[in-house]
Amino acid sequence: MRLSEKTIACAKASRFTYQRGDLTAGIVHLGVGAFHRAHQAIYVDDILASSPGWAIVGASLRSKTAALALNPQDGLYSLTINAASGSSSRIVGSVLEVVDASLQSETLLQRMVDPAIRIVSLTITEKGYCIDPATGHLDRTRQDIAADLLAPAEPRSAIGIIVEALRRRQAAGTGPFTVLCCDNLPENGRVTCNAVLEMAGLQDPVLGGWIEQNVTFPSTMVDRIVPATTQDDADAINARLGVVDAAPVTTEPFCQWVVEDRFCAGRPPWKDAGVTFVADVRPFEEMKLRLLNGSHSTLAYLGYLAGHETVAEAISDTRLYSLVHDMMTLEVIPTLDMPDGIDLFAYRDALLQRFANPGLRHRTWQIAMDGSQKLPQRLLSTIRDRLAAGLPIERLATGVAGWMRYVTG
């Protein structure tokens, strides 16, 4: 029996209290993968009872998997939180539909032009922004970017889709939407803004000026560990649920979202769901990228090379535990300048506990993917700061050496 609106009453899990028939979409999310469904979609789910106009239309840009799994389930899916003490599941209803952009690009653009859509958010990974790391500009040699510059009305890239949707809204007089990046990039709002403005400026300078004047691009810091769901995970979850969920997501208990409070068309009352709104997110994103992500990558490469399948196995290796603990304490924390009240040593200790969660089974090879895109933010920026100050980088360099060895096979 497949999970859906008709069968949700049979699911043995907690669920939302709102009526889904009362919901309308206020957000289009590009890249409706596991992280989005364990993070932003949960914050939305938690406020829909009081604010039903902020539901999500998801968009799958590359893979058809999400659309094929979620649409027959009316967008419903289960989130299972794996703690050291056990597991618990809930049914999430905040995603109304998933548009397959590869087949329904015009449908997606129509959704984004709807005046009810006030936020377009993204989790498309670092490489999805098509930025040349050497120049910081759009990589015009990328096939999708080149195609979008030639035929902007039929966009392929996420950046091209956003620009075309904004062009149509400008022409129709329906006003802008906020573009909310939720990827692990330093100053991710600025990165997204620069990519959109460059694409728009190359297509139509007038449009570029309108976007610059009217659209906001808040930066965010997102934090939740979301492993890939294995077939064994899915089988165990479905056995407990009593219905078949083709899109289950597993995660840890911890969840954090820090957001710059700059929204040009309004926003949900996310503060009620635990979101921290700030004027400047940079200290928080630097803390997370350098401490959590930098340590995660170091554990992934060295742990994999040492024969450890998961992060929990890697951190239980006393050599790797000592390396990561000392890297955070002696080499990373001294580079961070945080607002008053933030205890970096407590954050370090919490990270080490999160890494050791045996219920999470976050695989080292999963974290190791796309290292050439990730390491500049996670390790190299810290190394650059320490070298500039004449300080040693032994432990940080060991993480980079692990990446070098890993990619040589």
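- The number of heavy atoms from other shown groups lying within 6.0 Å of CZ (Phe284) is above 12.
- Comment: Arg142 does not engage Asp144 in a salt bridge, judged by the lack of any side-chain N to carboxylate O separation of less than 4.0 angstrom.
- Side-chain contact, Thr335 with Arg290: a donor N or O sits under 3.5 Å from an acceptor N or O.
- At distances below 3.5 Å, not a single donor-acceptor pair connects side-chain atoms of Ser121 with backbone N or O atoms of Cys181.
- The salt bridge (Lys or Arg N to Asp or Glu O under 4.0 Å) contacts involving residues 204-227 comprise Asp223-Arg354, where partners must be two or more places apart or lie in separate chains.
- For CD of Glu154, the number of neighbouring non-hydrogen atoms (other residues, nucleotides, ligands) closer than 6.0 Å is 12 at most.
- Side-chain contact of Asn184 with Lys374: a donor-acceptor pair under 3.5 Å is absent, judged by distance alone.
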Leu180 vs Gln40, side chain to side chain contact (heavy atoms under 4.5 Å, CB included): CA-CA, chis, key distance, verdict:
CA-CA 11 Å; Leu180 188 65; Gln40 297 91 20; over 6 Å; no
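- Using a cut-off of 4.0 Å between Lys/Arg side-chain N and Asp/Glu carboxylate O, Glu164 and Arg167 are scored as salt-bridged.
- Other residues, nucleotides and ligands contribute over 12 non-hydrogen atoms within 6.0 Å of the CD atom of Gln366.
- The neighbour count for Arg140 CZ, taken as heavy atoms of other residues, nucleotides or ligands under 6.0 Å away, does not exceed 12.
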Starting from the C-alpha separation in whole Å, work towards a yes-or-no answer on side-chain hydrogen bond (donor to acceptor under 3.5 Å, both in side chains) for Thr329 and Arg348.
CA-CA 8 Å; Thr329 305; Arg348 173 205 63 194; 2.9 Å; yes
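- In this structure, the side chain of Thr123 does not engage the main chain of Cys182 through any donor-acceptor pair within 3.5 Å.
- For the residue pair Thr230 / Asp233, a side-chain donor-acceptor distance below 3.5 Å is found, with atom types taken as modelled.
- The aromatic ring centres of Phe355 and His362 sit 6.0 Å or more apart.
- Thr80 and Thr250 are not linked by any side-chain donor-acceptor pair at a separation below 3.5 angstrom, with hydrogens and angles left out of the test.
- For the pair Arg267 and Asp261, the salt-bridge criterion is met [side-chain N within less than 4.0 Å of a carboxylate O].
- Between Gln231 and Asp235, the side chains place a donor N or O and an acceptor N or O closer than 3.5 Å (distance only, hydrogens not considered).
- Sparse packing is recorded around CG of Asp337, with 12 or fewer heavy atoms of other residues, nucleotides or ligands lying under 6.0 Å away.
- Here the side chain of Tyr77 pairs a donor or acceptor atom with the backbone of Arg37 at under 3.5 angstrom.
- For Arg90, the CZ atom sits in a packed shell: over 12 heavy atoms of surrounding residues, nucleotides or ligands are nearer than 6.0 Å.
- For the 3.5 Å distance criterion, the side chains of Asp100 and Ser60 fail to qualify, holding no donor opposite an acceptor.
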